[in-house]
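Let me begin by presenting the structure, written as structure tokens, before commenting on it.
One-based numbering, in listed order, for ligands and for the atoms of each.
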Amino acid sequence: MNHKRVLRLAVTVAATSALAAGMTMTLTSTASAGTTLKASAAEKGRYFGAAVAGQKLSDNTYVTILNREFNSVVAENDMKWDATEPQQGRFVYTGGDRLVSHAQANGQSVRGHALLWYQQQPGWAQNMSGSALRSAMINHVTQVATHFRGKIHSWDVVNEAFADGNSGARRDSNLQRTGNDWIEAAFYAARAADPGAKLCYNDYNTDGINAKSTGIYNMVRDFRSRGVPIDCVGFQSHLGTSLASDYQANLQRFADLGVDVQITELDVMSGGNQANIFAGVTRACMNVSRCTGITTWGVRDCDSWRGSDNALLFECSGNKKAAYTSVLNALNAGPGITPSPTTPGPTTPGPTTPPPTTPPPTTPPPGPDGCTASVSLNSWTGGFVASVKVTAGSAGTNGWNVSVTLPGGASVTNTWSATASGSTGTVRFTNVNYNGRLGAGQVTEFGFQGTGSAAGVTPTCTAS
Ligand code: 9MR
């Protein structure tokens, strides 16, 4: 993304310190006793995290602060598509695994960032389009989420898919051009690969109620109403010299949709307001019971992608800044929460497919009655999205196919987590390589989108 750099305000250190000191006095009477960011956040049922650049893990000053202050980490770059699949089908997990090991050794949870993004794609993906890109992208989500299965607290499944400005629309990208349903297809694939991870949509310039955040809000509301497995929304919060007055109200309206919210990439332009803005963001999170954690995008000013903005909580020397104190005080003053389970969407829960690397223990024999299928439709004038649930019978499946006979005039335009043969009349959907093998009674889901009407369709499942 291209953030506009705002001119840094010249403000004396004394003025910044005075602000922080004032805040300390106001809040001490109600403050709890946490003395590190992670302890104070944990007392209130939240995490406090930092983005970690792999090469910094050999810097002692950096690692000392990271382990003392933060109980969550996210890879600044190491889990992105260009890092994890530099050539199609060749997966590299060195950087991501190193961060996960560091986190496990130091009691930190891990955010995954980011399965799909229009930036930092490997060259081969940048050059792809259409159904080839759609399969490659779903395979990427499946493979990476499967590799890190059980180790990730929350995944940024899709990053920065909405346009800046007043349109409230999706951003144009090669991913978007594979069909508007690419985001939900990614969430279904991520859920199937790692059912235990919270699945988030993440974006920037969403720091208040504006056209972009409203576009995202409408997507999340739609996903929740149709049972698309989304659990959380990340607000990056790369901030300038002011904080929108409706920052908290914006978090709250998303939380009211039944998703968790998280501040995922916080950094703030230095200057007179820095400490206040950091505190304002922290207070907003504390005041929203579904705001489960805050991550700063780096540790020290000199670790930040924002270079001379001095946008973080620690000086390069490791000293705590006034902004650090203001965040700590806001954490200590805030109300606590007991993290609640994600409210399931009102329609279908997420699919519970076992990961592709774990086949059922025995090879089930084929049988004509080996599976059943049911469909849930979301229809509008002229189109529909169908979510199909496949349930294996008592013998399990090696593979499956589902036939659907569409009414005249209806046509399939997109399919995810299955391969379609035909697009009109009787359309046959066959499992893809990672969801064909199901143990007895196990369930997987696939979906398709179409034009026309699919009212009344009855899917028939055959196991192989
Ligand atoms: O901090 C990251 C920087 O090291 C990379 O060069 C850059 C590549 O585009 O991405 C930065 O992180 C971005 C994050 O992945 C998504 N939101 C915006 C972040 C800052 O650009």
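Close approach to E265 involves these atoms of ligand 1, each under 4.0 Å from a residue heavy atom: 14 (C), 16 (C), 17 (N), 18 (C), 19 (C). Close approach to H238 involves these atoms of ligand 1, each under 4.0 Å from a residue heavy atom: 18 (C), 19 (C). Proximity to Q236 (heavy-atom distance under 4.0 Å) selects the following atoms of ligand 1: 17 (N), 18 (C). Close approach of ligand 1 to Q119 is summarised as follows: ligand atoms under 4.0 Å from at least one heavy atom of the residue are 9 (O).
For Y324 and F278, the gap between ring centers reaches or exceeds 6.0 Å.
Ligand 1 has an N or O atom lying under 3.5 Å from an N or O atom of E160, backbone or side chain. On a distance-only criterion, N77 and ligand 1 share at least one N/O pair closer than 3.5 Å.
Between the CD atom of E184 and the CE atom of M219 there is a distance of 9.5 Å, given to the nearest 0.5 Å.
Residues W182 and Q176 have side chains that bring a donor and an acceptor to within less than 3.5 angstrom of each other.
Every residue meeting the salt bridge (Lys or Arg N to Asp or Glu O under 4.0 Å) condition with K212, not counting sequence neighbours, appears here in chain and number order: D164, D203.
When all heavy atoms of V158 and A186 are compared, the closest pair comes out as CG2-CB, 4.0 Å.
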Task: Candidate pair V443 and V390, rule side chain to side chain contact (heavy atoms under 4.5 Å, CB included), full reasoning - done: CA-CA 6 Å; V443 176; V390 175; over 6 Å; no
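Proximity of W297 to ligand 1, defined as any heavy-atom pair under 4.0 Å, is confined to the side chain (atoms from C-beta onward). Only side-chain heavy atoms of N159 come within less than 4.0 Å of ligand 1; its backbone N, CA, C and O stay farther off.
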